Amino acid sequence: MKVNCGALRLADAGSHVELNGWMNRRRDHGGLIFVDVRDRDGVTQIVFDPKHPSFALAETLRHEDVLRVRGAVRRRPAGTENAKIETGEVEVAADELEVLSRSLVPPFQVNLDEDVDENLRMQYRYLDLRRPRMQRNLTIRHKIVKAIRDFFDSRNFLEIETPLLVKSTPEGAREYLVPSRIHPGSFYALPQSPQILKQILMIAGFGRYMQIARCMRDEDLRADRQPEFTQLDVEMSFVSQDDVLEIMESAMIFVWQQALGIPAPGPFPRYRHEEVLARYGTDKPDLRFGLELVDVKETFRATEFKVFRDQAESRGGAVIAVRYPGGATLSRRDFDGLTELAKQLGAKGLVWIALASDGVKSPVSKFLSDADVAAVAGALAAQTGDALLLFADERARALDVSGRMRNEIGSRCNLRDPGRFAFAWVTDFPLFEVDPDTGKPAPAHHPFTAPNDDQWELLESDPLAMRAQHYDLVLNGFELGSGSIRIHKPDFQRKIFAMLGMSDEEIEERFGFFIRALDYGAPPHGGMALGIDRIAMLAAGEENLREVIAFPKTQVARDLMMDAPTPVPERLLRDLSLKSTAPPPKD
RNA sequence: GGCGCUGUAGCUCAGUUGGUUUAGAGCGCCGCCCUGUCACGGCGGAGGUCGAGGGUUCGAGCCCCUUCAGCGUCGCCA
């Protein structure tokens with residue numbers, strides 16, 4: 001009977017089995033050899049007896065050799081059980097040993113999870129993936145995806161694939177382009193998301209669509225951003241925003257239950273965009289800890305401290321305060337470091353107030369009355385022993401810096417409980433934001449997002465005041481994804497494109513196919529897309545996406561195992577009517 | 001494109017204000033011994049362009065410049 005290396009239990013004693021796997025560890029006692037065989041499911045101890053013909057071969061086994069063993073399962077002698085492994089009550093007495101494949105000495109130890117240089121891990125990814133951490137992470141990822149498919153199937157969704165070779169629509173993220181051989185000089189783009197196609201599937205009458213969809217964006221990488229990534233893409237017809245939130249929230253709760261066995265983390269709190277910015281200084285707050293921001297500008301309307309008074313008197317100004325628990329014991333040098341950090345984050349400066357047990361300390365204490373300090377401390381519910389950090393600036397900037405500083409404090413004070421999953425919805429985003437490059441309104445999300453139903457008349461008079469039926473799902477300080485109710489009336493969609501400065505010709509050229517589809521009876525619809533990689537990363541307790549992706553790219557978007565990208569022979573370029581203008585490679 | 005961190009044995013790391021001879025440790029590797037181990041144990045051994053190039057210096061793993069790679073971050077990610 002063929003069994004995996006994690007299967008055998010006491011009840012199997014007496015049966016004859018075949019095990020296939022890798023040589024995880026050998027303990028050679030001279031007169032007796034123990035070999036642990038490993039596969040994805042676990043590890044089983046094999047015993048080689050010196051009287052047996054396979055003993056000599058067992059002596060030659062080395063790390064990562066691939067073997068097949070047949071033998072009898074037996075209970076381990078009393079006192080030699082190993083409680084640390086699942087199969088620890090039994091062992092297999094080797095009867096037959098076959099070495100299926102030999103391994104070179106691996107460049108790092110595969111049977112350990114010790115930290116190894118990322119260069120090496122990526123170059124020898126197949127060995128890295130054999131290690132316990134990656135086996136575990138990819139297993140979690142599989143369970144997540146399986147739970148997602150099960151959930152949406154049970155809710156009558158259809159998984160439909162959309163193409164990878166699509167039309168270039170050069171808004172938003174930079175696209176990866178694919179040259180067409182058959183149409184010289186023309187290009188496909190790889191999808192940034194299947195957005196328009198899923199909307200067309202709604203027009204096509206599928207009603208409830210989902211897809212585990214690969215997306216590509218040619219932008220710079222981060223710990224939480226890879227150039228290709230996987231989305232749970234969802235779209236539904238005849239729904240309101242609440243319908244979408246209900247489905248997605250239920251899906252996440254189901255996933256956590258199924259994949260992690262963790263009780264439902266819901267219901268998810270909901271915040272309006274404006275509110276979440278004011279309280280946390282970001283639209284993706286880590287809600288595992290409090291430390292809410294407070295605008296204390298009113299306290300300083302009449303202060304002698306000019307930096308604060310200027311912002312307090314200015315209509316767009318703010319003085320944002322955040323509490324640093326236990327911060328009163330920090331040294332002046334520590335505060336200097338914080339100030340430096342704040343400046344790097346974009347602050348003009350930082351004013352700190354230490355509520356020390358022997359009195360209030362601050363570099364600007366001569367400007368601060370006792371009443372001022374008491375007011376700020378009260379607003380932040382601060383106590384003796386805490387420090388208060390204040391940022392005076394134009395409101396948006398002050399909030400942004402304070403929000404980042406809040407995260408920093410959260411890390412320094414160890415407030416991020418790794419076992420907690422704090423989901424939250426953010427709703428009521430603005431439909432447009434001012435593009436800092438052009439000074440003109442640009443879609444905050446994408447141009448297919450519907451505004452609140454009663455706000456269309458604002459499109460000409462005050463577009464920046466329009467709120468969108470757009471929502472984000474946030475988990476532990478990461479944006480898991482966004483969605484919206486879409487525009488389903490072609491004339492409204494045309495108005496938005498026009499408002500964004502597109503001529504009729506441009507609209508036709510870029511989105512003609514889509515507008516035409518809207519012309520043929522488009523149902524009201526909306527949906528959402530969530531980053532599967534980020535979900536898996538957070539569920540696995542990892543801090544970067546590479547730990548939950550089998551073959552990820554490095555920070556400069558290279559694959560170190562395959563060594564991609566590479567130049568290609570001239571002949572291939574000719575077939576594609578391409579000519580490289582890149583400088584010749586140096587070395 | 002900017003800022004920061006890292007690079008010393010196969011791996012993980014230590015290496016003092018620039019000067020101690022032969023640049024160390026643990027793991028791994030190789031050999032021998034070992035019948036109940038499970039991170040087995042014991043004895044012995046091999047293994048280093050200190051990422052690369054240049055400079056300062058009587059002298060550089062350590063200081064300076066350039067460069068490569070990886071990581072983090074800002075910009076960027078409709």
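Each chain gets a letter, A, B and so on, in the order its sequence line appears, and its residues count up from 1. Every value quoted in this text rests on a predicted model; they were computed, and no experiment measured them.
The ring pair (Phe, Tyr, Trp, His ring centres under 6.0 Å) pairs that include a residue from residues 468-492 of chain A are A:F429-A:H470, A:H445-A:H470, A:W456-A:F492, where partners are two or more places apart or lie in different chains.
Taking 3.5 Å as the limit, the base of B:C40 and the side chain of A:R26 contain no donor-acceptor pair of atoms between them. With hydrogens and angles left out, the side chain of A:R25 and the base of B:C38 share no donor-acceptor pair within 3.5 Å. Residue A:R404 places no side-chain atom within donor-acceptor reach of the base of B:U73, judged by atom type and a 3.5 Å distance cut-off alone. For B:G72, its base sits under 3.5 Å from the side chain of A:Q555 at one donor and acceptor pair at least.
Between the side chains of A:R68 and A:N20, at least one donor-acceptor pair of N or O atoms lies under 3.5 Å.
Using P as the reference atom, B:U8 and B:G53 are 15 Å apart when rounded to the nearest Å. For the C1' atoms, the distance linking B:C77 with B:C5 amounts to 24 Å, nearest Å. For the P atoms, the distance from B:C27 to B:G44 is 14 Å, rounded to whole Å. Of the P atoms belonging to B:A14 and B:U35, the separation is 40 Å, rounded to the nearest Å.
Side-chain proximity of A:E219 to B:C76, B:C38, B:G36: nearest is B:C76. Picking from B:A69, B:G36, B:C38 the nucleotide with the shortest atom distance to the side chain of A:P77 gives B:G36. Distances from the side chain of A:R222 to the nucleotides B:G75, B:C77, B:U35 place B:G75 closest. Side chain of A:L32, nearest nucleotide from B:C34, B:A39, B:U35: B:U35. Which of B:G75, B:A39, B:C38 sits closest to the side chain of A:Q45 comes down to B:C38.
Remark: B:G61 base-pairs with no nucleotide; criterion is Watson-Crick or G-U wobble with both hydrogen-bond distances under 3.5 Å.
Here A:R38 lies out of heavy-atom contact (under 4.0 Å) with every strand. Within 4.0 Å (heavy atoms only), A:E81 reaches at least one base atom of the nucleic acid. Within 4.0 Å (heavy atoms only), A:V556 reaches sugar-phosphate atoms of the nucleic acid but no base atom.
Heavy-atom neighbours of A:K553 NZ from other residues, nucleotides or ligands within 6.0 Å: above the threshold of 12.
Residue A:R27 has no polar side-chain atom (N or O) positioned under 4.0 Å from OP1 or OP2 of B:U35. Contact annotation: A:T554 reaches the phosphate of B:G70 (side-chain N/O to OP1 or OP2, under 4.0 Å). The phosphate of B:U35 (OP1 or OP2) has no side-chain N or O of A:K51 nearer than 4.0 angstrom. Not one side-chain nitrogen or oxygen of A:H63 sits closer than 4.0 Å to the OP1 or OP2 atom of B:G28.
Residues A:Q469 and A:T449 fail the side-chain proximity criterion, which asks for heavy atoms closer than 4.5 Å.
The aromatic ring of A:H29 is not stacked on the base of B:U37, since the criterion of ring centres less than 5.5 Å apart with planes inclined by under 30° is not met.
For RNA chain B, the residues of residues 107-125 of chain A within the heavy-atom distance limit of 4.0 Å (strictly under) are A:P107, A:Q109, A:E114, A:D115, A:V116, A:D117, A:E118, A:N119, A:L120, sorted by number. Within residues 469-481 of chain A, no residue has any heavy atom closer than 4.0 Å to RNA chain B.
By the 4.0 Å N-to-carboxylate-O rule, A:R133 lies close enough to A:E547 to be salt-bridged with it.
Heavy-atom distances to RNA chain B give each of A:P106 and A:G88 a nearest nucleotide, and the one nearer the 5′ end belongs to A:P106. Heavy-atom distances to RNA chain B give each of A:V47 and A:A442 a nearest nucleotide, and the one nearer the 5′ end belongs to A:V47.
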